[in-house]
Amino acid sequence: MTDAAGRVGVIGAGTMGAAISALFANASYDVILVDIEKDALKRARIRHEGECLRELEEAGLKKRDEIISKIKYTTEFSELGDCFFVVEAIVERLQSKLELLERLEKIIGDRCIIATNTSSFTPSELSAKLKNPERLVLFHFSNPPILREIVEVGGENVGEEFLQKTVEVAKSIGKEPVILRKDSRGHIFNRFLCSALSALGWDMGKVAPPQVDAAMKNLGSPVGLFELLDYIGMDVLLMVQDSLTEAHGPRFALPPGARWLFEKMIEWGKLGKKSGEGFYKWVEGKAEIPRADPVDILHIVAAAVNEAFRELEEGLTDRETVNIAYKLATASPVGIFDVAEMLGYRTLIDVLEKKFEETGAEVFKPCEMLKKMAEVE
Ligand code: NAI
């Protein structure tokens, strides 16, 4: 008897694709992992033999002592032909994704679901050139993907049957799907994460990364913001901030100093966890973070809360869903609106207005809904 749960494909064997393929293999799917770079496949295999197994254990998801026998590592896209579900996790460039998806549609069967882990593009943008756009579903993980429970699932043009099947698949690998029916670059979570990172940009060079991360941990977050930047990768982060700036405006633009630093880090090969060093050195999948005294990060939290209110203002989704997305994506016991209530709306507005006066940065401009909340507080 075989223990196969079906055949799935994962395209892109980098930070996210390697971990996503591990989740599928662990849940007994037969996995075809495709990358254009042989070295990326080799690195993924090494992670599958150690780090991913440890994370599966830590997440309470581990079902097998090894996973590599469930994964075929290949550069041949034709191997994806028999898959019922294919996740794309390639570079965050619209043109690269569009070309890949058009090519993929010619290889896979008519009922195969195409799931995208894009951080910033919308499902409708990505399905624009497909013959059957209804089968392209958002399937967005948070980093580190094995440890965070969330997968944002959805898309405005997705067929109901494809959506429900994707929800089932997400649950079968141990994830908690959060459904988002409207399209917006950055979906739910990345919009407020990237607002926080844009706000953090104004502190770069003025505070030491361990100080900010100590403050985050004091607030109950399992990882600090600089540690998270290392998890994400400087190259990916720049592409995502640019994509959100293009769609939502200058509040997502990084200040020039921060942008310069990220570009330099990319040039120096300090990409973060995936290159072994970013803001921190990484050893066996863990950041080496020196002890430090926490600094004030209220303006960063306020920027994230402000963006969460903008999502409500735009009718992207409801308050409860935003709170759940925040809890699952950050492993926090409380939602972002609970954080806002604890801090007080007036305090948040005061902090934002002060920072806006200092920097002139749009990310610190309070939105109308937050202002109204402060009026009735
Ligand atoms: P990465 O840079 O670590 O890996 C990307 C991989 O895709 C590389 O191995 C590259 O060789 C491969 N690739 C590039 N073009 C390809 C193509 N045409 N066909 C096959 N393979 C190709 O990037 P990462 O961080 O894994 O990101 C992948 C996707 O996941 C992006 O869309 C990103 O926005 C998204 N994402 C990233 C998160 C993060 O924290 N890094 C979190 C959630 C989503």
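Any value given below was found using the heavy atoms of this structure, including those in side chains, with hydrogens, waters and symmetry copies removed. Both ligands and their constituent atoms are indexed starting at 1 by order of listing.
Heavy atoms of A89 come nearer than 4.0 angstrom to ligand 1 in at least one pair. For the ligand labelled ligand 1, residue E88 lies outside the 4.0 Å heavy-atom shell.
Note that R103 lies in the cation-pi zone of F77, set by a 6.0 Å cut-off to the ring centre and a 45° limit from the axis.
Here atom 44 (C) of ligand 1 lies nearest to S119 when heavy atoms of S119, A44, S243, A19 are compared. Comparing heavy-atom distances from atom 19 (N) of ligand 1 across F141, F77, F139 singles out F77 as nearest.
Here I11 has side-chain heavy atoms under 4.0 Å from ligand 1, and that is the only part of it that gets that close. Contacts with ligand 1 closer than 4.0 Å are made by heavy atoms of both the backbone and the side chain of N117. Contacts between N143 and ligand 1, counted as non-hydrogen atom pairs separated by less than 4.0 Å, involve the side chain only. Using a 4.0 Å cut-off between heavy atoms, M239 makes no contact with ligand 1 at all.
Of the residues listed (S119, S243, S120), the one engaging R185 in a side-chain hydrogen bond (donor to acceptor under 3.5 Å, both in side chains) is S243, and it is the only one.
Checking side-chain atoms of R47 against main-chain N and O of T15 turns up a donor-acceptor pair under 3.5 Å.
Applying the side chain to side chain donor-acceptor pair (under 3.5 Å) test to every pair with at least one member in residues 323-334, sequence neighbours left out, gives no pairs at all.
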Please tabulate, one pair per line, all N/O donor-acceptor pairs under 3.5 Å involving side-chain atoms of residues 288-302, not counting sequence neighbours.
unit_1: D296; atom_1: OD1; unit_2: L298; atom_2: N; d: 3.0
unit_1: H299; atom_1: NE2; unit_2: D203; atom_2: OD1; d: 3.4
unit_1: H299; atom_1: NE2; unit_2: D203; atom_2: OD2; d: 2.8

